[in-house]
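Each remark here refers to the structure printed beneath this line.
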Amino acid sequence: MSQPPQPPNQPPSGSPGGDSHSGSDGQAQGQGGGFGPPPAPPAPQSAPSAPDASQPEAPKPDLSKRDAPEAAPSQPGPPEPDASRPEPSDTGAPQPGGPAGQPPQAPAAPAGPPPAGGFGAPAPPPPGQQPGYGYPQQPPGAQPGYGYPQQPPGQPGYGYPGQQPPTQPGYGYPGQQPYGQPYGQPGQQPYGQQQYAMYPPTGPMPAQGMPPGGGQGGKQRMIIIIAAAVAVLLIIGAGIFVAAGGDDGDGKKDEAGNSSGGTGGDDGSGSGGSDGGGKPAKTDAELLYTVDKPKLTDVTKVDGLWVTDKVFAKGSLNSVVGYNKSDGKEKWTLELAGQICWGSKHASEDGKAAVLFQDGKVGSDGRVQPCSRVAAFDINTGKKLWEKQVSLGDENVRFSEVTVGPDVVAAGGLYGGAAWKLGTGKELWRPDQTSDCKDVGYGGGTGLVAVRKCGSYDAPKIEVQKLDPSSGKPKFSYEVPEGIDYVHVVSTDPLVIGVDAGGAVGTSDIIAIDDKGKMRSRISTENGKYTARCSAVEVEDCKMIAVDEDSLYMGTEEHESAEEEYGRTNEIVAFDLDTGKARGKAEAGGRRVMTPLQMENGTLLAYMEPTYDQGGQVMAIDPKTLKSTVYLKNPKDSIDTESSYRPSLNVRLLYEGGRLYMGQTLMSERSYDRKEYLLVVFGGE
C-alpha cells in the first residue's frame with residue numbers, strides 16, 4: 001500500500017484536456033490589396049446537381065408504442081413464457097433442454113458489422129482482425145456538447161428527417177477507443193488528461209484573469225490589460241489568490257442548487273454486507289489509501305470493486321485482492337487462472353461476489369485465452385466458494401459478463417447463458433445449442449433480468465425477460481421494438497433498460513417497464529444532451545445514471561455557466577418513471593460538473609468532479625426537494641490523482657461507509673508523467 005502523493009505546486013497550465021471542438025473562428029480572411037491589374041474573374045460554376053431522389057429513407061425503430069400517459073397505441077401484451085427454459089436439476093439441464101454432447105456453435109457470421117440505425121441500411125464489408133480482449137467497443141461520431149451552437153448535423157441522430165442512418169461497427173470491431181479515453185465516447189484526449197469544468201473545452205486554458213480568444217476593439221483590449229494586472233496582483237498575494245480561487249463547497253457560488261419539483265446503474269449493490277453509511281461525521285476528506293498499478297505487459301482488464309464493513313476488494317492482474325478498511329493493508333489475494341474479463345457489479349447482502357476470467361494466462365506470443373471460467377468468492381475472507389465452466393462436447397462455453405442476483409450467479413454472452421446457485425455452485429441452467437435464442441447477458445441485484453436475442457445475428461429479435469432466479473423461467477417478457485441492436489439493463493427493480501436506436505451515439509432512449517411487461521414510459525437522452533453512459537454491447541454496464549422506485553436521474557451535458565464568466569457546469573435532472581417527464585433538477589452551480597453516482601437508503605448520491613483548484617465532492621440529493629448536502633469534500637492537494645477517475649473514463653466509483661472508492665477497470669502497460677494507481681480511497685477518517 002503506497003502513501004498518498006505529495007500535493008502539486010501549482011494549477012495545471014496549457015490545455016485542460018482535449019480540443020475537441022476547436023477550430024477557426026469562422027471569419028474569412030480578406031484578399032490582400034496592392035497595386036497592379038485587377039484579378040481575373042473566377043470561372044463560372046456549374047449549377048448544383050439535383051438531389052438524388054432515388055435514395056430511400058431508412059425506417060426508424062418505433063419506440064412510441066407504450067402503455068404510458070401521452071402514448072400512442074399500447075404495446076402488445078407480453079408473449080407467453082418461454083417453455084424452452086428448463087426445470088432446474090442437480091445434473092445441470094440445458095437451458096432449453098438441448099443435447100449436452102454437442103460443442104457450442106458460433107452464431108452465423110454477418111456480412112459485416114450490423115447497421116446502427118433502422119432497417120434497410122446496407123452492411124459494410126467485414127472488418128479486419130479483431131483485437132484482444134479488453135479493448136472497449138466504441139461507436140464513431142462525436143456530438144457537440146450541451147449549449148454548443150446548433151448547426152445542421154453531418155450525422156443526424158435518431159428521428160432526423162430524410163436521412164440515412166450511419167453504420168456503426170459491431171461487436172469486436174477493431175480500433176474503437178484508445179485506452180484511457182472517455183467511457184463510451186469517441187476518442188478526444190489522451191489518458192489521464194482532465195478537461196476542467198471552469199474553462200470551455202474549445203481551446204487552451206487562458207492566462208489567469210484573461211478571457212480566451214482575441215479582443216474586439218480598444219475597449220476590450222483595455223479590459224484585458226486591466227484584468228491581467230489584477231491577476232498579477234492576485235498571484236503576488238498567494239493567500240489572496242487561494243481565497244479568491246472559488247468557494248470550496250460551503251459558499252453559495254459552488255454549492256449545488258435545486259429547482260423546485262417534485263437501484264439502478266452503479267447502484268451500490270457491489271457493497272456486499274455494508275449499509276452504505278450516510279453523511280460522515282467529518283466531511284473534509286483526505287486521500288486515505290492508494291493501491292499501486294500492477295506490473296502489466298499490455299492493455300489489461302482489472303474490473304471489479306466491492307466493499308463490506310471490514311474489507312474493500314479490487315480486481316487486479318490475474319487476481320482479486322482484499323484490503324483491510326482499518327489500515328488499507330493487504331489482507332488476502334485470490335489467484336485466478338487468467339485475466340479478469342468481468343467483475344460482478346453487485347454482491348450479496350452477506351458479502352459474496354463473482355468474477356468471470358480467462359481459461360489461462362496470456363502466453364508469450366500474446367495469445368489471449370477465452371473467458372470461460374466463473375468463480376464466486378467471499379469478499380471478507382477471499383475464500384473461493386466455487387469455480388465453474390460449462391463444457392459442451394470438447395469446448396467450453398465463452399461468456400462476456402457475469403452478475404449476482406438473489407442467490408444466483410448468471411453469466412451470458414453470444415453463445416448463451418448459464419447460472420449457478422450462489423452459495424453452492426449448483427448448476428441451474430446452461431445454453432441450448434439447438435435453439436436460435438441466446439441469453440446474451442443478465443442484470444442482477446435485487447432481481448434477475450435476461451436480455452435474450454433470437455434469430456439471425458444481423459437482424460435479431462430481442463426480448464427482455466424478468467426471470468425466476470431459481471429456475472430461469474420468465475415471469476414476464478417485453479418485446480423490444482425492431483431496429484434496435486443493443487439493450488442494456490439499467491435497473492432490475494424497477495425494471496429500466498437503455499436502448500441504442502436510430503444511429504444515435506450511445507444510448508438513445510431509457511425505457512421503464514412495469515411488472516406486466518408493458519412499457520411504463522420512455523425517456524430520450526436527446527442525442528447526448530443527457531449523459532447516461534452504457535458500453536457499446538454489454539448488457540449490465542451502465543453508469544452516470546441512477547434509479548429509484550419513482551424516478552430516473554441523469555446529468556446534462558456540460559454547458560456555459562451563468563454564474564461564472566468562463567465556467568462550465570451542468571445539472572442532474574429527475575424524470576418521473578410513470579410519465580417520462582422531467583420533474584425538476586439539481587444544479588451543480590458555479591463552475592462545477594456533477595453526475596449521478598448511486599442510490600443509497602432512498603437518497604441520490606452524486607459525484608462532483610474536481611476543478612483545477614478544488615477537489616471532488618460527494619453530494620447527497622433529496623429525491624423529493626432535489627436540495628443537496630455535501631457528504632464529502634476531497635482535498636485540493638490530490639486533484640491531480642483524483643482527475644484520473646472522472647466518471648466518463650474506464651473507472652468505477654463507489655461510496656460506502658463515509659468513504660469514496662475509485663478504481664480503474666482497464667489499464668495499460670504504458671507509463672505516464674503522473675503516478676498511476678489501481679485504486680484510491682478518500683475519506684474523513
Side-chain angles (χ1 to χ4, degrees), residues 63 65-71 74-75 77-78 261-270 276 345-346 349 403-406 408 410 441-452 462-469 474-481 484 487-499 507 509-525 530 532-534 539-554 572-584 596-605 621-624 626:
L63 299 180
K65 297 179 180 179
R66 65 179 192 181
D67 294 318
E70 302 182 53
S74 62
Q75 182 78 13
T263 47
D266 214 4
D267 64 359
S269 299
K345 302 299 185 290
H346 307 278
E349 292 184 359
T403 194
V404 171
V408 65
Y442 300 93
T446 57
L448 186 65
V449 171
V451 173
R452 190 167 175 83
I462 305 177
E463 290 183 349
V464 177
Q465 298 181 334
K466 188 70 173 287
L467 302 182
D468 178 345
K475 298 179 179 180
F476 62 79
S477 296
Y478 169 75
E479 185 174 335
V480 177
I484 291 174
V487 174
H488 317 280
V489 176
V490 177
S491 168
T492 58
D493 188 16
L495 179 51
V496 178
I497 63 173
V499 300
T507 301
D509 298 271
I510 307 296
I511 298 175
I513 302 169
D514 65 20
D515 57 4
K516 295 181 180 180
K518 301 291 185 67
M519 183 185 291
R520 183 178 173 188
S521 64
R522 179 178 66 87
I523 302 166
S524 173
T525 62
Y530 300 106
R533 294 286 187 264
C534 298
V539 169
E540 192 180 38
D541 198 19
C542 293
K543 60 180 183 178
M544 301 173 67
I545 184 171
V547 179
D548 62 20
E549 293 182 358
D550 306 310
S551 301
L552 176 139
Y553 306 90
M554 290 189 291
I572 290 178
V573 179
F575 294 88
D576 190 300
L577 286 179
D578 287 327
T579 66
K581 294 182 177 181
R583 62 173 181 82
L597 182 59
Q598 64 195 58
M599 298 302 301
E600 198 64 63
N601 298 326
T603 298
L604 171 65
L605 299 184
I621 300 176
D622 187 303
K624 294 182 178 180
L626 297 178

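Asp550 is not listed as a side-chain neighbour of Leu577, based on a closest heavy-atom distance of 4.5 Å or more. With a 4.5 Å cut-off on side-chain heavy atoms, His346 and Thr446 do not count as touching. Counting only heavy atoms from C-beta outward, the side chains of Leu495 and Phe476 approach each other to under 4.5 Å. Residues Met554 and Ile545 have side chains in contact (heavy-atom distance under 4.5 Å, counting atoms from C-beta outward).
Of all non-hydrogen atoms in Leu448 and Ala410, the two that sit nearest each other are CD1-CB, 4.2 Å. The nearest pair of heavy atoms linking Pro623 to Tyr553 is CB-OH, 3.2 Å. The minimum heavy-atom distance linking Leu467 with Pro474 is given by the pair CD2-CA, 3.9 Å. The two residues Gly441 and Val539 come nearest to each other via the heavy atoms CA-CG2, 3.6 Å. Scanning all heavy atoms of the two residues, the minimum distance from Pro596 to Leu604 falls at CB-CD1, 4.3 Å. Smallest separation of non-hydrogen atoms from Leu605 and Glu600: CD1-CB, 3.7 Å.
The side-chain hydrogen bond (donor to acceptor under 3.5 Å, both in side chains) check on Tyr530 picks up nothing, with sequence neighbours excluded. Contacts of Thr403 classified as side-chain hydrogen bond (donor to acceptor under 3.5 Å, both in side chains), with partners at least two apart in sequence or in another chain: Glu540.
The main-chain N or O of Thr579 is never found under 3.5 Å from a side-chain atom of Ser521 such that the two would form a donor-acceptor pair. The closest donor-acceptor contact from the side chain of Thr525 to the backbone of Thr507 lies under 3.5 Å.
Here the CZ-CD distance, from Arg452 to Glu463, works out to 7.5 Å after rounding to the nearest 0.5 Å. Interatomic distance, CG of Leu552 versus CD1 of Ile523, reported as 5.0 Å (0.5 Å rounding). For the atom pair CD of Gln598 and OG1 of Thr603, the computed distance is 11.0 Å after rounding to the nearest 0.5 Å.
Exactly one of Ile513, Ile511, Asp578 qualifies for a side chain to side chain contact (heavy atoms under 4.5 Å, CB included) with Arg520. That residue is Asp578. Each of Val496, Ile497, Ile510 was evaluated against Ser491; a single residue qualifies, Val496, per the side chain to side chain contact (heavy atoms under 4.5 Å, CB included) test.
Remark: Lys475 does not engage Asp468 in a salt bridge, criterion side-chain N to carboxylate O under 4.0 Å. With salt bridges taken as basic N to acidic carboxylate O contacts below 4.0 Å, none links Arg583 and Asp576.
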